[in-house]
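Being a predicted model, the structure only gives us computed values, none of them experimental.
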Number of protein chains: 2
Amino acid sequence: MSQTSNIQPLIEDLAKREQEQQIACEDCSLYRLCLPLGLHRDDLLLLDEIVMRSGNYQAKQSLFTATEAFSTLFVVRSGSFKTMISTSNGREQVTGFYFPGEFVGLEALHMPSYQSSAVALETSSICALPYQKVQALGEKLPRLQSQLLNRLSKELAGDKNFMLLLGKKTSEEKLATYLLSLSKRFELRGFSAKQFVLTMSRSDIANHLGLAVETISRVFTKFQDDGLIKTEGKVVSLAEIERLQALCG
Amino acid sequence: MSQTSNIQPLIEDLAKREQEQQIACEDCSLYRLCLPLGLHRDDLLLLDEIVMRSGNYQAKQSLFTATEAFSTLFVVRSGSFKTMISTSNGREQVTGFYFPGEFVGLEALHMPSYQSSAVALETSSICALPYQKVQALGEKLPRLQSQLLNRLSKELAGDKNFMLLLGKKTSEEKLATYLLSLSKRFELRGFSAKQFVLTMSRSDIANHLGLAVETISRVFTKFQDDGLIKTEGKVVSLAEIERLQALCG
DNA sequence: TTTTCACATTGACATAGATCAAGTGAACAG
DNA sequence: CTGTTCACTTGATCTATGTCAATGTGAAAA
């Protein structure tokens with residue numbers, strides 16, 4: 001009896017969360033950032049039908065792995081993810097970080113398997129789009145395809161830019177560029193451009209930027225000593241965005 | 001009179017070349033590699049109508065520049081191109097090389113301007129697809145859109161892999177990976193996988209792989225000393241593909 | 001043919017960033 | 001509360017690759 005009453009609020013909470021997850025695309029706060037933009041109301045309802053709003057992922061939980069058969073596109077709903085690929089001898093490269101409204105797994109849609117793996121960086125949730133259904137719907141809604149094309153193209157452009165960073169920038173330029181890129185993405189999502197939480201570890205950042213953890217740590221301290229940023233563990237404040245921009249190369 | 005007879009064969013040659021350039025998609029030798037794959041015969045004719053088979057580009061001639069307004073997708077018909085992006089302070093990164101049947105400029109289709117620039121590496125020709133027309137046609141032919149999506153996704157996957165190269169591989173692993181990647185692409189085009197011409201300069205290769213020209217030069221000599229490859233200027237022969245593969249990391 | 005010029009190679013030396021090693025502090029299990 | 005662990009920082013050293021300088025080479029120009 002007392003046990004039942006203890007559990008009751010938890011059940012209600014769960015139901016409420018469940019309900020929140022069932023929110024329709026047209027009501028989703030990510031509307032502006034996610035796929036639907038450019039779709040008509042009727043189209044949206046169709047899209048809505050194929051979207052599976054999946055449960056939560058805990059930190060370090062895998063969304064998909066490199067060898068797994070590709071079937072589903074994912075959009076981050078809340079939280080964040082990282083993607084990685086590996087050499088045959090086990091070295092890994094963090095290929096990207098993904099925030100709410102961003103697609104994960106786009107590079108796989110022409111292949112039988114995801115080639116990279118994706119892992120949650122914190123408690124996160126996603127929308128899953130079975131790609132077969134997306135394709136079928138795409139036959140009816142050319143706008144949906146166009147939107148997908150735009151998404152892919154945008155990610156491609158980002159990656160080309162990232163090649164410039166990996167190939168030609170110094171450690172300081174790399175970190176400055178990275179922090180400002182995060183800043184812009186948070187701002188776009190309605191968060192502060194000046195202060196945010198790094199949900200990824202220093203070593204994830206280092207790996208992504210093609211540097212050693214120690215180097216990242218040193219550059220963080222240098223930036224702090226120079227008054228460019230302030231860090232308190234995972235929280236970063238950008239004190240002088242303009243000077244940071246000048247540092248990007 | 002004698003002048004006329006001298007010019008006559010040239011005119012005929014030109015006409016013939018002109019005609020070759022007008023070859024329809026369905027008869028093009030790149031059919032298998034290019035966009036049309038998966039399109040029906042009727043669809044092909046529609047696609048054919050919007051394709052502009054453009055004249056030749058000489059080595060070093062620009063296909064588009066970073067600031068130029070985006071309007072057209074390009075497919076290499078013959079020859080080869082490189083694409084580059086630059087930092088504000090003028091450093092450049094070669095982001096890719098493009099061979100017959102490959103799309104150039106996909107990363108721009110969501111933007112007002114090409115963000116990168118493309119330059120011919122040798123005498124080359126292209127098919128130009130005005131993107132507005134592609135979009136319009138895409139409304140009627142969902143398969144066309146799907147094909148484009150596949151193209152983009154493929155390039156994206158390639159770029160993610162390239163991040164692994166830039167971020168985590170040694171100079172030797174980089175060059176070995178690069179040579180084998182070229183080899184596969186040439187083989188796919190019906191050329192020898194073992195012997196081919198490097199249409200790009202050593203310094204283009206170095207830049208692309210995030211290395212100095214001198215390093216590339218040294219690794220080439222090392223590979224040659226080790227009996228892995230033979231080079232004669234721009235011509236490379238891969239003598240021991242398996243050992244090269246083992247070197248890729 | 002000779003000249004030229006961009007490209008390529010080779011050697012000597014410099015350095016950004018990696019690696020190794022040690023220490024700190026916060027989170028977490030027992 | 002205490003020990004263990006993991007993420008992060010800091011310092012000392014090492015090294016892969018960059019930079020600088022000189023020389024070689026082959027194709028186009030003269």
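Partners of A:E102 according to the salt bridge (Lys or Arg N to Asp or Glu O under 4.0 Å) rule, which considers only residues two or more places apart in sequence or in another chain, are A:R185, A:R189. By the side chain to side chain contact (heavy atoms under 4.5 Å, CB included) test, B:S192 pairs with B:K194, B:Q195, sequence neighbours left out. By the ring-ring contact (aromatic ring centres under 6.0 Å, His included) test, A:F223 is found to be paired with no residue, residues two or more places apart in sequence or in another chain being considered. Residues satisfying the side chain to side chain contact (heavy atoms under 4.5 Å, CB included) test with A:S203, not counting sequence neighbours, are A:S201, A:V213. With sequence neighbours left out, B:E173 forms a salt bridge (Lys or Arg N to Asp or Glu O under 4.0 Å) with A:R91. Scored by the side chain to side chain contact (heavy atoms under 4.5 Å, CB included) test, B:S71 finds B:Y114 as partners (sequence neighbours excluded). Every residue two or more places apart in sequence or in another chain that forms a salt bridge (Lys or Arg N to Asp or Glu O under 4.0 Å) with A:K160 is listed here: B:E155, B:D159.
Taking the six-membered ring for Trp and thresholds of 30 and 60 degrees, A:F196 and A:F186 have ring planes inclined between 30 and 60 degrees apart.
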Classify every nucleotide of nucleotides 8-23 of chain D by which part a protein heavy atom approaches to under 4.0 Å, writing B for the base, S for the sugar-phosphate alone and - for neither, in 5'-to-3' order. SBBBB----SSBB---
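Taking five base pairs at each end of the helix from C:dT1-D:dA30 to C:dG30-D:dC1, the local helix axes there meet at an angle of 40°, rounded to 10°.
Against DNA chain D, the stretch residues 83-99 of chain B makes no heavy-atom approach under 4.0 Å.
Atom CE of B:M52 has 12 or fewer heavy atoms from other residues, nucleotides or ligands within 6.0 Å.
Note that the first and last nucleotides of DNA chain C, 5' to 3', having any atom under 4.0 angstrom from a heavy atom of chain B are C:dC7 to C:dA12.
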Please write out each protein N/O paired with an N/O of nucleotides 27-30 of chain D under 3.5 Å, distance rounded to 0.1 Å.
none

